[in-house]
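Down below is the structure, laid out as structure tokens.
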Amino acid sequence: MNLTIITKSPEETKNLGKEVGKLAKRGDLLAFYGELGAGKTCFIQGISRGLEVKDYVTSPSFTIINEYQGKIPIFHFDLFRLNNAEEILELSYKEYFYGEGLTVIEWAEKIEQFLPKEHLKIDIKFKDRYQRTISFIPQGDRFNNFLEELSRIENIRD
Ligand SMILES: Nc1ncnc2c1ncn2[C@@H]1O[C@H](COP(=O)(O)OP(=O)(O)OP(=O)(O)O)[C@@H](O)[C@H]1O
Ligand SMILES: [Mg+2]
């Protein structure tokens, strides 16, 4: 199934992210798509809340990978500064993508060819200044139950 949710504020996006964080398991990979300022980092801040991470989560501006410890480790990639997809090969990316934590990737479109077959694509589009259309598009079967459960959540709105 595909799932699309419209959020009407950064707080709603974080709340949605929090629910995603609660459902996330070791070895999951979430690939975020969306323009500058779409809300990828905001969503990931919510994920870190859902996983009870204590560190403050920002876009890792000078490091491509940030790691946080919550209920499970989170490997946060921000590929904005990647010039070409092959640069990912120098980052031991497989240890993260196929590792024992949750991998979240901003600007996943830049390395689409290196994404594992099983991952969850999360596409964030501007609707207007405060609204975002967030689509969940599973690749492979791994996220079928995940999306079923997410679609049942009703308390995403404040
Ligand atoms: N519904 C919404 N959901 C998320 N962010 C929103 C929403 N409405 C407004 N915003 C604003 O949009 C901005 C989103 O910024 P954020 O850093 O999360 O984007 P990003 O996709 O990570 O950008 P970048 O590509 O630069 O990393 C914030 O300033 C936030 O306050
Ligand atoms: Mg960001």
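These numbers come from a predicted model, not from an experiment. Counting starts at 1 for both ligands and their atoms, following the listed order.
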Which protein non-hydrogen atom lies closest to [atom], naming both residue and atom, and how far is it?
{"atom": "atom 11 (C) of ligand 1", "answer": "Arg132 NH2, 3.7 Å"}
{"atom": "atom 31 (O) of ligand 1", "answer": "Pro10 CG, 3.3 Å"}
{"atom": "atom 14 (C) of ligand 1", "answer": "Gly37 O, 3.3 Å"}
{"atom": "atom 26 (O) of ligand 1", "answer": "Leu36 CD2, 3.2 Å"}
{"atom": "atom 20 (P) of ligand 1", "answer": "Lys40 N, 3.5 Å"}
{"atom": "atom 19 (O) of ligand 1", "answer": "Gly39 N, 3.1 Å"}
{"atom": "atom 18 (O) of ligand 1", "answer": "Cys42 N, 2.9 Å"}

Does some non-hydrogen atom of [X] fall short of 4.0 Å from ligand 1?
{"X": "Lys14", "result": "no"}
{"X": "Gly34", "result": "no"}
{"X": "Glu35", "result": "yes"}
{"X": "Tyr130", "result": "yes"}
{"X": "Phe43", "result": "no"}

- Set of residues satisfying ring-ring contact (aromatic ring centres under 6.0 Å, His included) with respect to Phe80, sequence neighbours excluded: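 Counting only residues at least two positions away or on another chain, Phe80 forms a ring-ring contact (aromatic ring centres under 6.0 Å, His included) with Trp107.
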- Message: Looking at Arg49 and Glu11, is any side-chain nitrogen of the basic one under 4.0 Å from a carboxylate oxygen of the acidic one?
- Response: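 Looking at Arg49 together with Glu11, the answer is yes, because their closest N to O distance falls below 4.0 Å.
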- Could you tell me whether Glu19 and Lys22 have a side-chain N and a carboxylate O separated by less than 4.0 Å?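 Yes, charged N to carboxylate O under 4.0 Å.
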- Query: Is the shortest N/O to N/O distance between Gln131 and ligand 1 below 3.5 Å?
  - Reply: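 No, no N or O pair falls under 3.5 Å.
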- So, the side chain of Glu118 versus the backbone of Arg142: is there a donor-acceptor pair under 3.5 Å, distance only?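 Answer holds: yes.
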- Item | Donor-acceptor under 3.5 Å (Lys40 side chain, Gly34 main chain) |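 Yes, Lys40 side chain to Gly34 backbone: donor-acceptor pair under 3.5 Å.
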- Contact summary for Phe114 and Ala85, nearest pair of heavy atoms: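 For Phe114 and Ala85, the tightest heavy-atom pair comes out as CE1-O, 3.6 Å.
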- Task: Report the residues that fulfil side chain to side chain contact (heavy atoms under 4.5 Å, CB included) with Leu82, sequence neighbours left out, ordered by chain and then residue number.
- Result: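 If we apply the side chain to side chain contact (heavy atoms under 4.5 Å, CB included) test to Leu82, skipping adjacent residues, the hits are Ile64, Leu79, Glu87, Lys110, Ile111.
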- Are Leu102 and Leu51 side-chain neighbours, meaning at least one heavy-atom pair lies under 4.5 Å?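 They are in side-chain contact.
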Donor-acceptor contacts, no H, no angles, side chain residues 92-101, under 3.5 Å, sequence neighbours left out:
none

- Taking the minimum heavy-atom distance to atom 17 (O) of ligand 1, which of Thr41, Thr7, Thr133, Ile134 ranks first?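 Nearest option to atom 17 (O) of ligand 1, by heavy atoms: Thr41.
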- Message: Heavy atoms only: which of Thr13, Ile6, Leu16, Ile124 lies closest to atom 4 (C) of ligand 1?
- Response: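 Among Thr13, Ile6, Leu16, Ile124, the closest heavy atom to atom 4 (C) of ligand 1 comes from Thr13.
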- Message: Applying side-chain contact (heavy atoms from CB on, under 4.5 Å) to Phe75 and Asn66, what does each step give before you reach the verdict?
- Response: CA-CA 6 Å; Phe75 311 128; Asn66 272 355; over 6 Å; no
Within ligand 1, which atoms have a heavy atom of [X] less than 4.0 Å away?
{"X": "Trp107", "value": "25 (O)"}
{"X": "Arg129", "value": "8 (N), 9 (C)"}
{"X": "Glu106", "value": "22 (O), 27 (O)"}

- Evaluate side-chain contact (heavy atoms from CB on, under 4.5 Å) for Phe136 paired with Asn2, printing each intermediate quantity in order. CA-CA 6 Å; Phe136 297 86; Asn2 283 15; over 6 Å; no
- Message: As a quick check of understanding, evaluate side-chain hydrogen bond (donor to acceptor under 3.5 Å, both in side chains) for Tyr33 and Glu112, giving each step before the final call.
- Response: CA-CA 10 Å; Tyr33 291 64; Glu112 204 158 40; 2.7 Å; yes
- Query: OH of Tyr130: more than 12 outside heavy atoms within 6.0 angstrom?
  - Reply: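 Not more than 12 within 6.0 Å, no.
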- Query: Are more than 12 heavy atoms from other residues, nucleotides or ligands located less than 6.0 Å from atom NZ of Lys18?
  - Reply: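 At most 12 heavy atoms, drawn from other residues, nucleotides or ligands, come within 6.0 Å of this atom.
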- Item | Reported CD-to-NZ distance for the pair Glu35 and Lys125, which is rounded to 0.5 angstrom |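 The CD atom of Glu35 sits 8.5 Å away from the NZ atom of Lys125.
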- Task: Identify which protein N/O/S atoms are less than 2.8 Å from the Mg ion (ligand 2).
- Result: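 Correct list: Thr41 OG1, Ser59 OG, Glu106 OE1.
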- Task: Please check if any side-chain donor atom of Gln131 sits under 3.5 Å from a side-chain acceptor atom of Thr7, or the reverse.
- Result: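 Thr7 and Gln131 do not have a side-chain donor-acceptor pair below 3.5 Å.
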- Message: I'd like to know if atom 29 (O) of ligand 1 has any protein heavy atom within a distance of less than 4.0 Å.
- Response: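 Protein heavy atoms within 4.0 Å of atom 29 (O) of ligand 1 - there are none.
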- Query: Does ligand 1 have a heavy atom under 4.0 Å from the side chain of Glu12, from its backbone, from both, or from neither?
  - Reply: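 For Glu12, no heavy atom sits under 4.0 Å from ligand 1.
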